[in-house]
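A quick write-up on the structure given underneath.
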Amino acid sequence: MKHIITCVIAILGFAMAHAQMLNQAKVLNDSTFRTDATYQQGNKYVKDALLFMEMLADTHPFYVKKSRQAQLWEKKDALLKKCADCTSDSVFVTYLYDVLGPLHDKHTDLIDTTTLALKQAQKQQKQAEAATTATGVMAKGKELFAYRIFEEPSICYLQFNQCADARTMRNPNLPRFDEMLNRMFHDMDSLKVATLVVDAQYNNGGSSMLCDELLVRLYPLDQLKTLSTSIRFSKLMAEYNPRIGVAKTSWENDGHAEDLYAIPSQKPSIPNPPIFGGKVVFVQSATTYSSAGILMTLARDNKVGEIIGETSTFAPSHYGEILPYRLPHTGVVGTISCKYFSRPDVAHIDDATLEPDVKLDLSDKEATWQYILTHYGKK
């Protein structure tokens, strides 16, 4: 099994590096359908529907069990019947959504190219509008992350907008999160700041490495309880890393065809910095997600600090680490999870959401900031 572990370690962090690069997504291979009459005679929607179902059954951790795969394939005939009369890529995408099943997994998603271009344009427009209207401490800034220290209430406000920096984006012109944290905690220590507010309301994820770098400054590393992680080997993953194909064959030949591979738990390989001894408050919104959601979960399960804001739309135990793909005949692009993450608090492992300690309406930024000053500022 040693070669399997080597392969697993080799791909850690791989998928997230590609997650936002749909233009480089691997095109699904149709080799298993080259003698299939339904595939060969079908229109482009029938062809891509079959490829999608095969990929879903072989890749997503939920479908590792053959009984669940069988339930998925029971939907094939109805899907193909609708696809045979389909004339629109966007309608085709809705048909694929219908067969996803009970995943409750926002990381597994798909979109047609026309809608993708429209949404990207709308996102850019909203960002531009927000940048011109943003006011107040908690309005979204343009930076990936930035901090401000308010001496009188003795609060350091960290706006953590994206789990990304110069290292993860491979852009030396961007700041490094670890270097910013060093400056921030130095300034906090010099000014004897009593409270750190970590505002992740705009953060939809990225690299969990940045969250680890923050957590180890808030909680002793040797006591930190982390997520348990399991991975499913798949043909799609092997498209990105051929060694995974070897691991998949070996794992299944050893009798584990219906099992996920449990990745050995590892503490973050980060130097032990001094631990901040003050109060910590996390701000969570409905759009806090992925790695930022993991930060909220670990903060809760390790009792690092209070969480204020809105109910999460992520499940603390969840699927993630996405692989991008493209359907060859329609050009529809998507992402699919290949890992399952289990939260440390086993008593709440099946919770569908993470509730804040204090619910606040984050649309009213000024009222939220006043609440923070009143309840967490130095009296």
(message) Once you measure the plane-to-plane angle for Tyr63 and His60, does it fall in the parallel (<30°), tilted (30-60°) or perpendicular (>60°) bin?
(response) perpendicular
(message) Pair Lys75, Asp98 - check salt bridge (Lys or Arg N to Asp or Glu O under 4.0 Å), show working.
(response) CA-CA 9 Å; Lys75 303 176 182 180; Asp98 289 342; over 6 Å; no
(request) Would you mind reporting whether Tyr45 and Asp85 have side-chain heavy atoms less than 4.5 Å apart? (result) no
(message) Do Lys65 and Gln71 pair up side chain to side chain, a donor and an acceptor below 3.5 Å, judged on atom types alone?
(response) no
(message) Taking Tyr289 as the starting point, is it possible to reach Leu298 by hopping between hydrophobic residues whose side chains are less than 4.5 Å apart?
(response) yes
(request) Please lay out, stage by stage, how Lys44 and Asp89 fare under the test salt bridge (Lys or Arg N to Asp or Glu O under 4.0 Å). (result) CA-CA 10 Å; Lys44 66 177 184 178; Asp89 289 359; 3.5 Å; yes
(message) I'd like to know if the side chain of Gln40 reaches the main chain of Arg34, judged simply by a donor and an acceptor atom lying under 3.5 Å from each other, with no hydrogens or angles considered.
(response) yes
(message) Surrounding NZ of Lys82 (heavy atoms of other residues, nucleotides or ligands, distance under 6.0 Å), is the total greater than 12?
(response) yes
(request) Give a yes or no answer on whether the side chain of Asp357 reaches the backbone of Ile307 with a donor-acceptor pair at less than 3.5 Å. (result) yes
(request) Give the ring-plane orientation class for Tyr325 versus Phe52, where under 30° counts as parallel, over 60° as perpendicular and anything between as tilted. (result) tilted
(message) Does either side chain, that of Ser234 or that of Asp58, offer a donor lying less than 3.5 Å from an acceptor on the other one?
(response) no
(request) For Trp251 and Asp259, indicate whether the former's side chain and the latter's backbone hold a donor-acceptor pair under 3.5 Å. (result) yes
(message) Using salt bridge (Lys or Arg N to Asp or Glu O under 4.0 Å), reason through Lys248 and Glu252 one step at a time and then give a plain yes or no.
(response) CA-CA 6 Å; Lys248 175 179 171 64; Glu252 293 175 353; 2.8 Å; yes
(request) Using modelled atom types only, decide if a donor and an acceptor are shared between the side chain of Arg148 and the backbone of Cys156 within a distance under 3.5 Å. (result) no
(request) Spell out, as yes or no, whether a donor-acceptor pair under 3.5 Å connects the side chain of Ser154 to the backbone of Ala194. (result) yes
(request) Could you tell me whether a side-chain N or O of Asn302 sits under 3.5 Å from a main-chain N or O of Lys225, the two making a donor and an acceptor? (result) yes
(request) Report the distance from atom CD of Glu321 to atom OG1 of Thr335, rounding to the nearest 0.5 Å. (result) 12.0 Å
(request) Establish, for the pair Arg232 and Tyr340, whether the NZ or CZ atom is under 6.0 angstrom from the six-membered ring centre and no further than 45 degrees off its axis. (result) no
(request) Give, for atom CG of Asp36 and atom CG of Asp30, the distance between the pair rounded to the nearest 0.5 Å. (result) 10.5 Å
(request) Examine Phe150 together with Tyr157 and report whether their ring centres are nearer than 6.0 Å. (result) no
(message) Are there over 12 heavy-atom neighbours, none belonging to Glu152, within less than 6.0 Å of that residue's CD?
(response) no
(request) Indicate whether any N or O donor in one side chain lies under 3.5 Å from an N or O acceptor in the other, for Glu310 and Ser285. (result) no
(message) Can a donor-acceptor pair be found, under 3.5 Å and without considering hydrogens, that links the side chain of Ser337 to the backbone of Lys339?
(response) no
(message) According to a hydrophobic-cluster definition based on side-chain heavy atoms being under 4.5 Å apart (Ile, Leu, Val, Met, Phe, Trp, Tyr only), do Tyr240 and Leu28 belong together?
(response) yes
(request) Rounded to the nearest 0.5 Å, what's the gap from OG1 on Thr38 to CG on Leu50? Could you check? (result) 7.0 Å
(request) Please step through side chain to side chain donor-acceptor pair (under 3.5 Å) for the pair Thr288 and Gln201, ending with a clear verdict. (result) CA-CA 5 Å; Thr288 303; Gln201 66 175 298; over 6 Å; no
(request) Identify the heavy atoms of Pro172 and Ala166 that sit nearest to each other, and give their distance. (result) CA-CB, 4.4 Å
(request) Inspect the contact between Lys279 and Glu306 and indicate whether a charged nitrogen and a carboxylate oxygen are less than 4.0 angstrom apart. (result) no
(request) With salt bridge (Lys or Arg N to Asp or Glu O under 4.0 Å) as the test, would you mind laying out the steps for Arg176 and Asp165 before giving the verdict? (result) CA-CA 5 Å; Arg176 283 180 53 140; Asp165 69 356; 5.4 Å; no
(message) Please tell me whether Tyr371 and His375 form a close aromatic pair, meaning their ring centres lie under 6.0 Å apart.
(response) yes
(request) Nearest 0.5 Å please: distance from the CZ atom of Phe92 over to the OG1 atom of Thr87. (result) 12.5 Å
(message) Are Leu323 and Val64 connected into the same hydrophobic cluster when the rule is that any two of I, L, V, M, F, W, Y join if their side-chain heavy atoms are below 4.5 Å apart?
(response) yes
(message) Using a 3.5 Å distance criterion without hydrogens, assess whether the side chain of Thr59 forms a donor-acceptor pair with backbone atoms of Cys338.
(response) no
(request) Work out which heavy atom in Pro324 is nearest to a heavy atom in Leu236; give both atom names and the distance. (result) O-CD1, 4.4 Å
(request) Taking the side chain as every heavy atom from C-beta outward, state whether Leu144 and Asn161 have any pair of such atoms under 4.5 Å apart. (result) no
(message) Under a 3.5 Å threshold, yes or no: a donor from one side chain and an acceptor from the other, between Asp189 and His186?
(response) no
(message) Aromatic contact between Phe160 and Phe177, with the criterion being ring centroids under 6.0 Å apart: yes or no?
(response) yes
(request) Answer yes if the side chains of Ser291 and Ser208 hold a donor-acceptor pair under 3.5 Å, and no otherwise. (result) yes
(message) Tell me if the CD atom of Glu151 is crowded by more than 12 foreign heavy atoms within 6.0 Å.
(response) no
(message) Quick one: does any side-chain atom of Ser250 pair with a main-chain N or O of Val246 as donor and acceptor, under 3.5 Å?
(response) no
(request) Verify the distance criterion only: is there a donor paired with an acceptor across the side chains of Asn204 and Gln162 at less than 3.5 Å? (result) yes
(message) Nearest 0.5 Å, please: how far is CZ in Arg300 from CG in Leu295?
(response) 12.0 Å
(request) Could you tell me if the ring centre of Tyr319 sits under 6.0 Å from that of His107? (result) no
(request) Kindly assign one of parallel, tilted or perpendicular to the pair Phe233 and Tyr261, based on the angle between their ring planes and the thresholds 30° and 60°. (result) tilted
(request) For Asp48 and His329, indicate whether the former's side chain and the latter's backbone hold a donor-acceptor pair under 3.5 Å. (result) yes
(request) May I ask whether Val91 and Val93 are part of the same hydrophobic cluster, defined by side-chain heavy atoms of I, L, V, M, F, W, Y residues being less than 4.5 angstrom apart, directly or through others? (result) yes
(message) Please verify the inter-ring angle class for Phe33 with Tyr39; under 30° counts as parallel, over 60° as perpendicular, anything in between as tilted.
(response) parallel
(message) I'd like to know if Arg167 pairs up with Glu213 as an ion pair, taking the criterion as any Lys NZ or Arg NE/NH1/NH2 lying under 4.0 Å from an Asp or Glu carboxylate oxygen.
(response) yes
(request) Determine, using the 4.5 Å side-chain heavy-atom cutoff (strictly less than), whether Val280 and Ile372 are members of one ILVMFWY cluster. (result) no
